[in-house]
Number of protein chains: 2
Amino acid sequence: IIEIKNLSKVYDVTEEIKVHALRDVDVDVYKSEFISIMGPSGSGKSTFMNVLGFLDTPTIGTYILDGFASRDLSDDQKAEIRNLKIGFVFQGFNLLARTTALENVEIPLFYRGGYNMKHAQQKAMEMLDLVGLADRAHHTPAELSGGQQQRVAIARALVNDPAIILADEPTGNLDTKTTNDILNLFSDLNNNIGITILIVTHEPDVADFTKRKIIFRDGRVVEDSSIKKR
Amino acid sequence: IIEIKNLSKVYDVTEEIKVHALRDVDVDVYKSEFISIMGPSGSGKSTFMNVLGFLDTPTIGTYILDGFASRDLSDDQKAEIRNLKIGFVFQGFNLLARTTALENVEIPLFYRGGYNMKHAQQKAMEMLDLVGLADRAHHTPAELSGGQQQRVAIARALVNDPAIILADEPTGNLDTKTTNDILNLFSDLNNNIGITILIVTHEPDVADFTKRKIIFRDGRVVEDSSIKKR
Ligand SMILES: Nc1ncnc2c1ncn2[C@@H]1O[C@H](COP(=O)(O)OP(=O)(O)OP(=O)(O)O)[C@@H](O)[C@H]1O
Ligand SMILES: Nc1ncnc2c1ncn2[C@@H]1O[C@H](COP(=O)(O)OP(=O)(O)OP(=O)(O)O)[C@@H](O)[C@H]1O
Ligand SMILES: [Mg+2]
Ligand SMILES: [Mg+2]
(Lines give C-alpha, C1' and ligand atoms only; values in the text may rest on other atoms or scores of the structure.)
(Ligands and ions follow the chains in the order given, each with its own letter.)
Protein backbone atom coordinates (compact mmCIF):
# COMPACT_ATOMS: atom_id res chain seq x y z
CA ILE A 1 0.00 0.00 0.00
CA ILE A 2 2.98 2.29 0.58
CA GLU A 3 6.05 2.26 -1.61
CA ILE A 4 9.04 4.46 -0.83
CA LYS A 5 12.26 4.43 -2.88
CA ASN A 6 15.41 6.53 -2.51
CA LEU A 7 13.52 9.06 -0.46
CA SER A 8 15.59 12.06 0.55
CA LYS A 9 14.43 15.32 2.11
CA VAL A 10 16.72 18.29 2.33
CA TYR A 11 15.84 21.59 4.00
CA ASP A 12 17.69 24.71 2.88
CA VAL A 13 18.03 26.68 6.09
CA THR A 14 20.24 29.30 4.48
CA GLU A 15 22.27 29.62 1.26
CA GLU A 16 25.04 27.41 2.59
CA ILE A 17 23.40 25.42 5.39
CA LYS A 18 21.38 22.39 4.36
CA VAL A 19 19.76 19.90 6.71
CA HIS A 20 19.47 16.38 5.33
CA ALA A 21 16.40 15.34 7.29
CA LEU A 22 15.98 12.09 5.30
CA ARG A 23 18.64 10.27 3.28
CA ASP A 24 17.97 7.54 0.73
CA VAL A 25 15.10 5.82 2.55
CA ASP A 26 13.56 2.63 1.10
CA VAL A 27 10.43 1.27 2.80
CA ASP A 28 7.56 -0.94 1.62
CA VAL A 29 4.40 -1.22 3.71
CA TYR A 30 1.66 -3.75 3.01
CA LYS A 31 -2.00 -3.37 3.90
CA SER A 32 -2.85 -3.98 7.58
CA GLU A 33 0.68 -3.71 8.85
CA PHE A 34 1.22 -2.30 12.36
CA ILE A 35 4.57 -0.56 12.50
CA SER A 36 6.49 1.45 15.09
CA ILE A 37 8.92 4.13 13.91
CA MET A 38 11.73 4.80 16.37
CA GLY A 39 15.02 6.65 16.58
CA PRO A 40 16.78 9.52 18.40
CA SER A 41 15.44 13.05 18.60
CA GLY A 42 16.05 14.77 15.26
CA SER A 43 16.60 11.54 13.33
CA GLY A 44 13.87 12.24 10.74
CA LYS A 45 10.79 10.41 12.07
CA SER A 46 8.33 13.32 11.84
CA THR A 47 9.72 14.34 8.45
CA PHE A 48 9.13 10.76 7.25
CA MET A 49 5.55 10.88 8.58
CA ASN A 50 4.94 14.25 6.90
CA VAL A 51 5.99 12.81 3.52
CA LEU A 52 3.72 9.78 4.10
CA GLY A 53 0.87 12.14 4.97
CA PHE A 54 1.39 14.22 1.79
CA LEU A 55 2.20 17.21 3.99
CA ASP A 56 5.71 17.46 2.61
CA THR A 57 7.21 16.50 -0.74
CA PRO A 58 10.32 14.39 -1.41
CA THR A 59 13.41 16.29 -2.53
CA ILE A 60 14.66 13.12 -4.24
CA GLY A 61 13.00 9.74 -4.69
CA THR A 62 9.44 8.47 -4.88
CA TYR A 63 6.50 7.97 -2.55
CA ILE A 64 3.50 6.05 -3.82
CA LEU A 65 0.36 5.46 -1.73
CA ASP A 66 -2.24 3.07 -3.10
CA GLY A 67 -1.03 3.77 -6.62
CA PHE A 68 -0.97 7.55 -6.22
CA ALA A 69 2.52 9.03 -6.63
CA SER A 70 3.27 12.04 -4.46
CA ARG A 71 5.19 13.77 -7.31
CA ASP A 72 2.24 13.62 -9.72
CA LEU A 73 -0.40 15.06 -7.42
CA SER A 74 -1.55 18.65 -7.16
CA ASP A 75 -2.03 20.20 -3.73
CA ASP A 76 -5.80 19.75 -4.04
CA GLN A 77 -5.42 16.10 -4.95
CA LYS A 78 -3.08 15.57 -1.98
CA ALA A 79 -5.59 17.24 0.35
CA GLU A 80 -8.33 14.98 -0.96
CA ILE A 81 -6.29 11.80 -0.48
CA ARG A 82 -5.36 12.92 3.02
CA ASN A 83 -8.97 13.52 3.90
CA LEU A 84 -10.23 10.22 2.46
CA LYS A 85 -7.46 7.79 3.29
CA ILE A 86 -5.27 9.06 6.11
CA GLY A 87 -5.85 9.81 9.78
CA PHE A 88 -2.95 11.90 11.12
CA VAL A 89 -2.08 12.43 14.78
CA PHE A 90 0.49 15.24 14.87
CA GLN A 91 3.35 15.38 17.37
CA GLY A 92 2.05 18.79 18.50
CA PHE A 93 -1.67 17.86 18.23
CA ASN A 94 -2.44 20.84 15.91
CA LEU A 95 -5.98 21.47 17.14
CA LEU A 96 -7.81 24.66 16.18
CA ALA A 97 -7.57 26.98 19.16
CA ARG A 98 -10.95 28.69 19.15
CA THR A 99 -13.02 25.58 18.42
CA THR A 100 -14.32 23.01 20.86
CA ALA A 101 -13.12 19.43 21.09
CA LEU A 102 -16.32 18.28 19.36
CA GLU A 103 -15.94 20.76 16.52
CA ASN A 104 -12.28 19.87 16.08
CA VAL A 105 -13.24 16.21 15.65
CA GLU A 106 -16.08 17.05 13.22
CA ILE A 107 -13.94 19.04 10.82
CA PRO A 108 -12.61 16.16 8.65
CA LEU A 109 -16.22 15.04 8.13
CA PHE A 110 -17.25 18.39 6.73
CA TYR A 111 -14.36 18.42 4.29
CA ARG A 112 -15.37 14.99 3.09
CA GLY A 113 -18.88 16.11 2.25
CA GLY A 114 -21.88 13.80 2.12
CA TYR A 115 -22.45 14.19 5.85
CA ASN A 116 -25.24 16.17 7.36
CA MET A 117 -24.69 18.15 10.54
CA LYS A 118 -26.56 15.80 12.82
CA HIS A 119 -24.70 12.81 11.44
CA ALA A 120 -21.32 14.50 11.85
CA GLN A 121 -21.99 15.49 15.44
CA GLN A 122 -23.07 11.97 16.28
CA LYS A 123 -19.99 10.38 14.69
CA ALA A 124 -17.68 12.90 16.36
CA MET A 125 -19.23 12.24 19.79
CA GLU A 126 -18.72 8.52 19.25
CA MET A 127 -15.02 9.10 18.64
CA LEU A 128 -14.69 11.36 21.68
CA ASP A 129 -16.40 8.72 23.76
CA LEU A 130 -13.96 6.12 22.40
CA VAL A 131 -11.03 8.15 23.78
CA GLY A 132 -12.80 8.84 27.07
CA LEU A 133 -13.63 12.51 26.53
CA ALA A 134 -17.40 12.64 26.06
CA ASP A 135 -17.62 14.98 29.06
CA ARG A 136 -15.11 17.44 27.57
CA ALA A 137 -16.84 17.84 24.19
CA HIS A 138 -17.46 21.57 24.60
CA HIS A 139 -14.10 22.56 26.00
CA THR A 140 -11.65 24.41 23.75
CA PRO A 141 -8.03 23.16 23.65
CA ALA A 142 -6.93 25.77 26.21
CA GLU A 143 -9.46 24.28 28.61
CA LEU A 144 -8.06 20.78 28.23
CA SER A 145 -5.07 19.05 29.78
CA GLY A 146 -2.15 18.08 27.52
CA GLY A 147 -3.21 14.46 27.45
CA GLN A 148 -6.81 15.41 26.72
CA GLN A 149 -5.72 17.53 23.74
CA GLN A 150 -3.72 14.56 22.49
CA ARG A 151 -6.78 12.33 22.76
CA VAL A 152 -8.91 14.84 20.84
CA ALA A 153 -6.28 14.69 18.08
CA ILE A 154 -6.57 10.90 18.08
CA ALA A 155 -10.37 11.05 17.89
CA ARG A 156 -10.09 13.48 14.97
CA ALA A 157 -7.72 11.13 13.13
CA LEU A 158 -10.22 8.26 13.44
CA VAL A 159 -13.44 10.06 12.56
CA ASN A 160 -13.21 9.58 8.76
CA ASP A 161 -12.63 5.79 9.03
CA PRO A 162 -9.20 6.13 7.42
CA ALA A 163 -7.39 3.26 5.67
CA ILE A 164 -4.12 4.39 7.24
CA ILE A 165 -3.33 5.93 10.61
CA LEU A 166 -0.11 7.94 10.93
CA ALA A 167 0.41 8.72 14.61
CA ASP A 168 3.40 10.80 15.71
CA GLU A 169 3.98 10.09 19.42
CA PRO A 170 0.23 9.56 20.06
CA THR A 171 0.65 8.62 23.74
CA GLY A 172 3.57 10.85 24.79
CA ASN A 173 1.37 12.91 27.12
CA LEU A 174 -0.74 10.06 28.46
CA ASP A 175 -0.49 8.10 31.69
CA THR A 176 0.04 4.35 31.58
CA LYS A 177 -3.62 3.37 31.79
CA THR A 178 -4.76 5.82 29.10
CA THR A 179 -1.80 4.82 26.91
CA ASN A 180 -2.86 1.18 27.12
CA ASP A 181 -6.47 2.13 26.27
CA ILE A 182 -5.31 3.97 23.15
CA LEU A 183 -2.88 1.24 22.07
CA ASN A 184 -5.55 -1.44 22.57
CA LEU A 185 -7.88 0.70 20.46
CA PHE A 186 -5.25 0.83 17.70
CA SER A 187 -4.69 -2.93 18.00
CA ASP A 188 -8.39 -3.58 17.62
CA LEU A 189 -8.65 -1.34 14.58
CA ASN A 190 -5.66 -3.16 13.09
CA ASN A 191 -6.86 -6.69 13.90
CA ASN A 192 -10.60 -6.29 13.30
CA ILE A 193 -10.84 -3.73 10.49
CA GLY A 194 -7.39 -4.16 8.97
CA ILE A 195 -6.37 -0.51 9.21
CA THR A 196 -2.67 0.06 8.41
CA ILE A 197 -0.99 1.85 11.32
CA LEU A 198 2.38 3.58 11.69
CA ILE A 199 3.25 4.95 15.13
CA VAL A 200 6.27 7.10 15.96
CA THR A 201 7.35 6.39 19.52
CA HIS A 202 10.32 6.63 21.84
CA GLU A 203 8.98 4.02 24.22
CA PRO A 204 9.84 0.32 23.84
CA ASP A 205 6.60 -0.57 25.70
CA VAL A 206 4.59 1.14 22.97
CA ALA A 207 6.65 -0.55 20.23
CA ASP A 208 5.83 -3.92 21.80
CA PHE A 209 2.20 -3.42 20.77
CA THR A 210 3.21 -3.33 17.11
CA LYS A 211 4.41 -5.99 14.69
CA ARG A 212 7.37 -4.36 12.94
CA LYS A 213 9.99 -1.84 13.99
CA ILE A 214 11.73 0.69 11.71
CA ILE A 215 14.59 2.60 13.34
CA PHE A 216 15.92 5.91 12.03
CA ARG A 217 19.28 7.50 12.70
CA ASP A 218 20.49 10.74 11.06
CA GLY A 219 17.82 10.52 8.39
CA ARG A 220 18.53 6.92 7.39
CA VAL A 221 16.75 3.66 8.16
CA VAL A 222 19.27 1.63 10.16
CA GLU A 223 16.99 -1.24 11.15
CA ASP A 224 13.76 -2.72 9.80
CA SER A 225 12.64 -5.88 11.58
CA SER A 226 9.50 -7.72 12.61
CA ILE A 227 8.64 -7.96 16.30
CA LYS A 228 8.42 -11.63 17.20
CA LYS A 229 6.88 -11.73 20.66
CA ARG A 230 3.38 -10.73 19.65
CA ILE B 1 10.51 27.42 50.12
CA ILE B 2 7.02 26.52 48.88
CA GLU B 3 4.00 26.42 51.15
CA ILE B 4 0.60 25.35 49.83
CA LYS B 5 -2.49 25.05 52.02
CA ASN B 6 -6.07 24.13 51.11
CA LEU B 7 -5.38 24.91 47.49
CA SER B 8 -8.40 24.57 45.24
CA LYS B 9 -8.79 25.65 41.62
CA VAL B 10 -12.17 25.72 39.98
CA TYR B 11 -12.79 26.58 36.34
CA ASP B 12 -16.21 27.89 35.37
CA VAL B 13 -16.75 26.40 31.93
CA THR B 14 -20.35 27.62 31.76
CA GLU B 15 -22.94 28.95 34.23
CA GLU B 16 -23.68 25.50 35.57
CA ILE B 17 -20.60 23.45 34.64
CA LYS B 18 -17.59 23.79 36.94
CA VAL B 19 -14.39 21.80 36.68
CA HIS B 20 -12.63 21.22 40.00
CA ALA B 21 -9.10 20.98 38.64
CA LEU B 22 -7.55 21.04 42.13
CA ARG B 23 -9.23 20.17 45.43
CA ASP B 24 -7.89 20.98 48.86
CA VAL B 25 -4.19 20.40 48.13
CA ASP B 26 -1.61 20.70 50.95
CA VAL B 27 2.07 20.52 49.97
CA ASP B 28 5.27 21.80 51.59
CA VAL B 29 8.49 21.90 49.59
CA TYR B 30 11.89 22.62 51.13
CA LYS B 31 14.87 24.12 49.35
CA SER B 32 16.81 21.71 47.12
CA GLU B 33 14.12 19.08 46.95
CA PHE B 34 13.82 17.02 43.75
CA ILE B 35 10.19 15.98 43.27
CA SER B 36 8.22 14.12 40.62
CA ILE B 37 4.53 14.94 40.14
CA MET B 38 2.51 12.06 38.74
CA GLY B 39 -1.08 11.06 38.11
CA PRO B 40 -3.58 10.24 35.35
CA SER B 41 -4.31 12.50 32.40
CA GLY B 42 -6.54 15.34 33.60
CA SER B 43 -5.76 14.84 37.29
CA GLY B 44 -4.54 18.43 37.85
CA LYS B 45 -0.76 18.26 37.45
CA SER B 46 -0.37 21.12 34.97
CA THR B 47 -2.88 23.24 36.88
CA PHE B 48 -0.80 22.67 40.03
CA MET B 49 2.36 23.70 38.16
CA ASN B 50 0.65 26.82 36.78
CA VAL B 51 -0.28 27.93 40.30
CA LEU B 52 3.30 27.28 41.47
CA GLY B 53 4.58 29.32 38.52
CA PHE B 54 2.26 32.25 39.33
CA LEU B 55 0.58 31.72 35.95
CA ASP B 56 -2.74 30.94 37.60
CA THR B 57 -4.29 32.03 40.88
CA PRO B 58 -5.85 29.84 43.59
CA THR B 59 -9.64 29.88 43.80
CA ILE B 60 -9.40 28.90 47.47
CA GLY B 61 -6.38 28.46 49.71
CA THR B 62 -2.86 29.86 49.83
CA TYR B 63 0.36 29.57 47.89
CA ILE B 64 3.50 31.12 49.33
CA LEU B 65 6.88 31.06 47.55
CA ASP B 66 9.92 32.23 49.50
CA GLY B 67 7.68 34.38 51.67
CA PHE B 68 5.72 35.89 48.77
CA ALA B 69 2.02 35.03 48.89
CA SER B 70 0.33 34.57 45.53
CA ARG B 71 -2.82 36.38 46.69
CA ASP B 72 -0.97 39.55 47.69
CA LEU B 73 0.99 40.03 44.48
CA SER B 74 0.07 42.19 41.52
CA ASP B 75 0.49 40.78 38.01
CA ASP B 76 3.70 42.78 37.59
CA GLN B 77 5.11 41.45 40.83
CA LYS B 78 4.24 37.91 39.81
CA ALA B 79 5.97 38.41 36.44
CA GLU B 80 9.05 39.68 38.22
CA ILE B 81 9.21 36.74 40.62
CA ARG B 82 8.73 34.35 37.73
CA ASN B 83 11.57 35.94 35.81
CA LEU B 84 13.97 36.02 38.76
CA LYS B 85 13.22 32.81 40.60
CA ILE B 86 11.47 30.30 38.36
CA GLY B 87 12.47 28.39 35.25
CA PHE B 88 9.36 26.93 33.61
CA VAL B 89 9.28 24.17 31.01
CA PHE B 90 5.72 24.09 29.63
CA GLN B 91 3.96 20.89 28.56
CA GLY B 92 3.50 22.42 25.10
CA PHE B 93 6.92 24.14 25.00
CA ASN B 94 5.38 27.60 24.28
CA LEU B 95 8.24 28.91 22.15
CA LEU B 96 7.78 32.09 20.09
CA ALA B 97 7.12 30.98 16.53
CA ARG B 98 8.94 33.60 14.49
CA THR B 99 12.08 33.73 16.63
CA THR B 100 15.11 31.48 16.48
CA ALA B 101 16.11 28.96 19.14
CA LEU B 102 18.86 31.32 20.30
CA GLU B 103 16.52 34.30 20.55
CA ASN B 104 13.92 32.24 22.40
CA VAL B 105 16.52 31.28 25.00
CA GLU B 106 17.78 34.88 25.33
CA ILE B 107 14.39 36.39 26.08
CA PRO B 108 14.30 35.82 29.88
CA LEU B 109 17.70 37.55 30.11
CA PHE B 110 16.42 40.71 28.45
CA TYR B 111 13.44 40.86 30.78
CA ARG B 112 15.79 40.58 33.73
CA GLY B 113 17.80 43.58 32.63
CA GLY B 114 21.42 44.14 33.58
CA TYR B 115 22.62 42.04 30.66
CA ASN B 116 24.20 43.44 27.56
CA MET B 117 23.48 41.85 24.18
CA LYS B 118 26.84 40.13 23.85
CA HIS B 119 26.56 38.66 27.32
CA ALA B 120 23.02 37.41 26.71
CA GLN B 121 23.94 35.73 23.45
CA GLN B 122 26.90 34.02 25.09
CA LYS B 123 24.86 32.73 28.03
CA ALA B 124 22.07 31.55 25.73
CA MET B 125 24.53 29.66 23.49
CA GLU B 126 25.95 27.97 26.59
CA MET B 127 22.49 26.71 27.52
CA LEU B 128 21.79 25.51 23.98
CA ASP B 129 25.10 23.69 24.02
CA LEU B 130 24.15 22.10 27.35
CA VAL B 131 21.05 20.55 25.73
CA GLY B 132 22.94 19.52 22.59
CA LEU B 133 21.53 22.12 20.20
CA ALA B 134 24.40 24.50 19.48
CA ASP B 135 24.09 23.65 15.77
CA ARG B 136 20.39 24.55 15.67
CA ALA B 137 20.73 28.01 17.24
CA HIS B 138 19.37 29.85 14.20
CA HIS B 139 16.45 27.55 13.40
CA THR B 140 12.93 28.70 14.23
CA PRO B 141 10.64 26.25 16.08
CA ALA B 142 9.00 25.14 12.82
CA GLU B 143 12.44 24.09 11.62
CA LEU B 144 13.07 21.93 14.66
CA SER B 145 11.94 18.44 15.58
CA GLY B 146 9.53 17.98 18.50
CA GLY B 147 12.27 16.86 20.82
CA GLN B 148 14.52 19.73 19.74
CA GLN B 149 11.77 22.25 20.53
CA GLN B 150 11.40 20.65 23.94
CA ARG B 151 15.13 21.01 24.57
CA VAL B 152 15.05 24.69 23.56
CA ALA B 153 12.30 25.16 26.17
CA ILE B 154 14.55 23.50 28.76
CA ALA B 155 17.51 25.71 27.83
CA ARG B 156 15.26 28.77 28.14
CA ALA B 157 14.12 27.66 31.61
CA LEU B 158 17.74 27.39 32.80
CA VAL B 159 19.19 30.59 31.32
CA ASN B 160 18.31 32.89 34.27
CA ASP B 161 19.91 30.57 36.87
CA PRO B 162 16.54 30.04 38.57
CA ALA B 163 16.16 28.94 42.20
CA ILE B 164 13.31 26.65 41.18
CA ILE B 165 12.69 24.61 38.05
CA LEU B 166 9.10 23.66 37.21
CA ALA B 167 9.19 21.18 34.34
CA ASP B 168 5.92 19.82 32.89
CA GLU B 169 6.76 16.58 31.05
CA PRO B 170 10.24 17.86 30.05
CA THR B 171 11.32 14.62 28.35
CA GLY B 172 8.04 13.41 26.81
CA ASN B 173 9.31 13.93 23.26
CA LEU B 174 12.86 12.74 23.83
CA ASP B 175 14.50 9.41 23.10
CA THR B 176 16.02 7.40 25.94
CA LYS B 177 19.57 8.73 25.58
CA THR B 178 18.52 12.39 25.37
CA THR B 179 16.10 11.86 28.28
CA ASN B 180 18.94 10.56 30.42
CA ASP B 181 21.15 13.50 29.42
CA ILE B 182 18.46 15.96 30.52
CA LEU B 183 17.68 14.11 33.76
CA ASN B 184 21.38 13.90 34.63
CA LEU B 185 21.60 17.63 33.96
CA PHE B 186 18.72 18.23 36.37
CA SER B 187 20.32 15.91 38.95
CA ASP B 188 23.59 17.83 38.73
CA LEU B 189 21.83 21.17 39.14
CA ASN B 190 20.00 19.77 42.15
CA ASN B 191 23.05 18.14 43.79
CA ASN B 192 25.72 20.72 42.97
CA ILE B 193 23.86 24.04 42.99
CA GLY B 194 20.92 23.08 45.18
CA ILE B 195 18.21 24.10 42.71
CA THR B 196 14.72 22.97 43.78
CA ILE B 197 13.13 20.92 41.00
CA LEU B 198 9.58 19.70 40.39
CA ILE B 199 9.01 17.48 37.33
CA VAL B 200 5.64 16.35 36.03
CA THR B 201 6.03 12.94 34.42
CA HIS B 202 4.07 9.86 33.43
CA GLU B 203 7.12 7.64 33.33
CA PRO B 204 8.30 5.67 36.39
CA ASP B 205 11.86 5.68 34.97
CA VAL B 206 11.89 9.46 35.10
CA ALA B 207 10.43 9.48 38.62
CA ASP B 208 13.29 7.20 39.73
CA PHE B 209 15.71 10.09 39.14
CA THR B 210 13.92 12.16 41.80
CA LYS B 211 13.76 11.94 45.58
CA ARG B 212 10.06 12.38 46.33
CA LYS B 213 6.85 11.46 44.54
CA ILE B 214 3.54 13.34 44.73
CA ILE B 215 0.62 11.60 43.02
CA PHE B 216 -2.53 13.41 41.92
CA ARG B 217 -5.93 11.92 41.20
CA ASP B 218 -9.05 13.98 40.33
CA GLY B 219 -7.43 17.16 41.61
CA ARG B 220 -6.34 15.74 44.98
CA VAL B 221 -2.99 14.58 46.29
CA VAL B 222 -3.45 10.88 46.99
CA GLU B 223 0.16 10.01 47.77
CA ASP B 224 3.22 11.96 48.90
CA SER B 225 6.25 9.81 49.65
CA SER B 226 10.03 9.87 49.45
CA ILE B 227 11.77 7.63 46.93
CA LYS B 228 14.09 5.36 48.87
CA LYS B 229 16.25 3.69 46.26
CA ARG B 230 18.35 6.73 45.41
N1 LIG C 1 -9.07 26.58 31.37
C2 LIG C 1 -9.76 25.47 31.74
N3 LIG C 1 -11.12 25.50 31.78
C4 LIG C 1 -11.81 24.39 32.14
N5 LIG C 1 -11.28 23.23 32.50
C6 LIG C 1 -9.94 23.14 32.47
C7 LIG C 1 -9.11 24.24 32.09
N8 LIG C 1 -7.81 23.85 32.16
C9 LIG C 1 -7.84 22.57 32.56
N10 LIG C 1 -9.10 22.13 32.74
C11 LIG C 1 -9.52 20.81 33.23
O12 LIG C 1 -8.89 20.61 34.49
C13 LIG C 1 -8.46 19.26 34.64
C14 LIG C 1 -7.00 19.23 35.00
O15 LIG C 1 -6.21 19.69 33.93
P16 LIG C 1 -4.62 19.59 33.96
O17 LIG C 1 -4.12 20.23 32.72
O18 LIG C 1 -4.10 20.13 35.24
O19 LIG C 1 -4.37 18.01 33.93
P20 LIG C 1 -3.01 17.19 33.85
O21 LIG C 1 -2.90 16.35 35.06
O22 LIG C 1 -1.86 18.11 33.54
O23 LIG C 1 -3.26 16.23 32.62
P24 LIG C 1 -2.25 15.67 31.47
O25 LIG C 1 -1.47 14.59 32.10
O26 LIG C 1 -3.24 15.15 30.46
O27 LIG C 1 -1.43 16.81 30.96
C28 LIG C 1 -8.75 18.56 33.31
O29 LIG C 1 -9.85 17.69 33.50
C30 LIG C 1 -9.07 19.67 32.33
O31 LIG C 1 -10.12 19.29 31.44
N1 LIG D 1 11.59 23.06 8.25
C2 LIG D 1 12.83 22.64 8.60
N3 LIG D 1 13.91 23.34 8.22
C4 LIG D 1 15.15 22.94 8.57
N5 LIG D 1 15.41 21.84 9.28
C6 LIG D 1 14.38 21.10 9.70
C7 LIG D 1 13.02 21.46 9.39
N8 LIG D 1 12.21 20.53 9.96
C9 LIG D 1 13.01 19.64 10.57
N10 LIG D 1 14.31 19.97 10.44
C11 LIG D 1 15.48 19.24 10.93
O12 LIG D 1 15.38 17.94 10.36
C13 LIG D 1 15.79 16.95 11.33
C14 LIG D 1 14.71 15.90 11.47
O15 LIG D 1 13.57 16.44 12.06
P16 LIG D 1 12.33 15.53 12.51
O17 LIG D 1 11.28 16.46 13.02
O18 LIG D 1 11.95 14.62 11.40
O19 LIG D 1 12.97 14.66 13.69
P20 LIG D 1 12.26 13.60 14.67
O21 LIG D 1 12.92 12.30 14.46
O22 LIG D 1 10.78 13.67 14.52
O23 LIG D 1 12.69 14.12 16.11
P24 LIG D 1 11.88 14.14 17.52
O25 LIG D 1 11.97 12.75 18.04
O26 LIG D 1 12.69 15.12 18.30
O27 LIG D 1 10.49 14.59 17.25
C28 LIG D 1 16.06 17.68 12.63
O29 LIG D 1 17.46 17.72 12.84
C30 LIG D 1 15.49 19.08 12.43
O31 LIG D 1 16.31 20.07 13.04
MG1 LIG E 1 9.26 14.31 15.76
MG1 LIG F 1 -0.66 18.37 31.88
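To find a chain, count down the sequence lines: A is the first, B the second, and so on, and within it residues start at 1. Quick caveat, the model's predicted, so the values are computed rather than measured.
- Dense packing is recorded around CZ of A:Arg71, with more than 12 heavy atoms of other residues, nucleotides or ligands lying under 6.0 Å away.
- Taking CE of B:Met38 as the start and OG1 of A:Thr176 as the end, the distance is 7.0 Å to the nearest 0.5 Å.
- Atom CD of A:Glu203 is separated from atom CG of B:Asp205 by 9.0 Å, given to the nearest 0.5 angstrom.
- Separating the CD1 atom in A:Ile17 from the NE2 atom in B:His138 is a distance of 7.5 Å, to the nearest 0.5 Å.
- Contact of A:Glu169 with chain B is made through the side chain alone, with heavy-atom distances under 4.5 Å.
- Of the listed residues B:Gln149, B:Lys177, B:His139, the one with more heavy-atom pairs under 4.5 angstrom with chain A than any other is B:His139.
- Among B:Gly172, B:Gly42, B:Gly44, B:Ala21, the residue with the largest count of heavy-atom pairs under 4.5 Å with chain A is B:Gly42.
- When heavy atoms are compared at a cutoff of 4.5 Å, A:Val19 approaches chain B solely by way of its side chain, counted from C-beta outward.
- Between B:Ser145 and A:Ser41, the shortest heavy-atom contact is OG-OG, 3.7 Å.
- Highest contact tally toward chain B, considering only A:Leu144, A:Val200, A:Asn173, is held by A:Asn173 [criterion: heavy-atom pairs under 4.5 Å].
- The heavy-atom pair separating B:Val13 from A:Glu143 by the smallest distance is CG1-OE1, 4.5 Å.
- Heavy-atom pairs under 4.5 Å with chain B peak, among A:Ser46, A:Pro204, A:Gly146, at A:Gly146.
- By the neighbour-count criterion of 12 heavy atoms within 6.0 Å, atom CG of B:Asp12 is densely surrounded, having more than that number from other residues, nucleotides or ligands.
- One finds the CZ atom of A:Arg217 at 8.5 Å from the CG atom of B:Asp175 (value rounded to the nearest 0.5 Å).
- To the nearest 0.5 Å, atom CD of residue B:Gln150 and atom CD of residue A:Gln91 are 9.0 Å apart.
- The interface of residues 178-185 of chain A with chain B, defined by heavy-atom distances below 4.5 Å, comprises A:Thr178.
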